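For clarity, every value in this text was computed on a predicted model and none was experimentally measured. Protein chains get the first letters and strands the later ones, always in sequence-line order, with residue 1 at the start of each.
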Amino acid sequence: MKIASWNINSLRKRQDRLLAWLEGTRPDVVCLQETKCTDEQFPVLALQSAGYHSSYHGEKSYNGVAILSKEKPQDVRASLCNEVIDRQARVIAAKIDNLRLYSIYAPNGQAVGSPAYEYKLNWYMRLRDCLSKEKNRELIVCGDFNVAPEDIDVHDPMLWRGAIMCSDRERAAFRQLCDVGLIDTLRLHRQEGGLFSWWDYRMLSFPKNRGLRIDAVLANKSLAEKCTAAGIEREMRKGKEPSDHAPVWAEFNL
DNA sequence: ATGGTAGTTTGACTA
């Protein structure tokens, strides 16, 4: 079973790219972030024709998350546990093939110390509390975490030291999230540096490979033991009008 | 020290 996660940065803008990629790679599940479309605008029929069910939670202009799956999703939820649906569309969860799957889009945080930064850290605590209740399930949490977990996930750790997506409190929040029993699948198979999932559109970041690894597929321990491969589709950052993120993926022998 | 780009939307915000 191949599970991918991609911050698409506007689903309407990149629908054709998405469909071509689905056709070429046929993942079983795709978690999307920054769909930037309302539920009414979601291209359910085009994705159905491509062989995928859609579970989605969007809003106008910003954020928006979705799960595409070959298998029919069950028990779809568009909020953190026991909470009213957020004003910001950042979480959707579904049960697929007996796995509990989350597609999450963590707040960016804007600048260390800003109100948005505090919102981000608080959001991480809420997500952790929610996921801690899923403990005994087979669990996958995919998405744009907006945190580079370690220095090895950063092209220039000294330049980024203490900056947004790399600050100590953000990294601690990410670790505490993983402490509920989640494992970063990429690092099960790839330990080297230079593996990034996001490159700023500005300053020729991509050609210079000045990126960060802020997207991930996290799995609980028993699933992580069945993870046979993981990677990042760097090619998807190339070409005409790419997203600023590349898809990340993991394969499981279930 | 600044601004560089992109998406949504037409002014300004988010990233």
Side-chain angles (χ1 to χ4, degrees), chain A residues 5-21 30-43 46-47 56-66 86-92 103-124 126-127 142-149 153-156 158-167 169-171 173-174 196-216 232-248:
Chain A
S5 180
W6 186 27
N7 181 321
I8 192 170
N9 188 19
S10 175
L11 175 51
R12 283 170 294 159
K13 187 87 183 171
R14 263 170 279 286
Q15 183 175 323
D16 291 347
R17 192 183 266 261
L18 172 65
L19 290 171
W21 176 61
V30 180
C31 294
L32 296 175
Q33 300 85 36
E34 285 204 270
T35 54
K36 295 186 175 177
C37 69
T38 62
D39 292 347
E40 292 72 31
Q41 294 168 322
F42 201 91
L47 287 162
Y56 45 89
H57 174 40
E59 63 180 282
K60 194 180 175 202
S61 302
Y62 300 117
N63 309 315
V65 284
D86 286 345
R87 192 180 58 77
Q88 299 185 11
R90 296 186 178 279
V91 178
I92 190 162
S103 176
I104 68 101
Y105 175 49
N108 169 280
Q110 291 179 347
V112 174
S114 68
Y117 180 75
E118 298 302 328
Y119 179 85
K120 180 179 192 173
L121 295 170
N122 183 259
W123 186 90
Y124 257 91
R126 288 160 56 210
L127 179 62
C142 294
D144 176 356
F145 291 86
N146 265 314
V147 173
D153 303 306
V154 181
H155 68 90
D156 185 345
M158 291 311 289
L159 180 68
W160 281 84
R161 185 168 217 123
I164 198 70
M165 298 188 277
C166 298
S167 72
R169 290 176 70 198
E170 288 166 278
R171 285 179 169 175
F174 182 83
F196 309 127
S197 65
W198 169 80
W199 300 259
D200 198 304
Y201 282 123
R202 297 166 290 187
M203 298 175 290
L204 301 172
S205 299
F206 183 68
K208 294 176 177 173
N209 199 27
R210 298 171 72 83
L212 303 181
R213 190 176 71 92
I214 57 177
D215 302 87
I232 301 176
E233 300 215 8
R234 196 175 186 284
E235 291 296 308
M236 283 285 283
R237 182 62 174 76
K238 298 178 180 175
K240 189 170 177 283
E241 297 189 324
S243 167
D244 47 352
H245 295 251
V248 299

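Using a distance-only test at 3.5 Å, with no hydrogens or angles considered, a donor-acceptor pair links the side chain of A:Ser114 to the main chain of A:Ala111.
When each of A:Phe206, A:Trp198, A:Phe196 is paired with A:Arg237, the side chain to side chain contact (heavy atoms under 4.5 Å, CB included) condition holds for A:Phe206 and for no other.
When each of A:Met203 and A:Glu241 is assigned the nucleotide of DNA chain B bearing its nearest heavy atom, the one mapping closer to the 5' terminus is A:Met203.
One finds a salt bridge joining A:Glu170 and A:Lys120 here, because a Lys/Arg side-chain nitrogen approaches an Asp/Glu carboxylate oxygen to under 4.0 Å.
In this structure, A:Arg210 atom CZ and B:dT5 atom P are separated by 16 Å, rounded to whole Å. Rounded to an integer number of Å, the gap from CD1 of A:Ile8 to C1' of B:dA6 is 15 Å.
Donor-acceptor pairing under 3.5 Å is recorded for the side chains of A:Trp160 and A:His155.
Comparing B:dT10 with B:dA6, their C1' atoms sit 16 Å apart, to the nearest whole Å. B:dG3 and B:dA15 are spaced 15 Å apart, taking the C1' atom of each and rounding to whole Å.
In this structure, the ring pair (Phe, Tyr, Trp, His ring centres under 6.0 Å) partners of A:Phe174, at least two apart in sequence or on a different chain, are A:Phe145. Under the ring pair (Phe, Tyr, Trp, His ring centres under 6.0 Å) criterion, A:Tyr62 pairs with no residue at all, not counting sequence neighbours.
In this structure, A:Arg12 does not reach the B:dG7 phosphate: none of its side-chain N or O atoms is under 4.0 Å from OP1 or OP2.
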Could you list, one pair per line, each protein nitrogen or oxygen that sits under 3.5 Å from a nitrogen or oxygen of nucleotides 13-15 of chain B, together with the distance?
residue: B:dC13; atom: O2; partner: A:Tyr62; partner atom: OH; Å: 3.4
residue: B:dT14; atom: OP2; partner: A:Gln110; partner atom: NE2; Å: 3.0

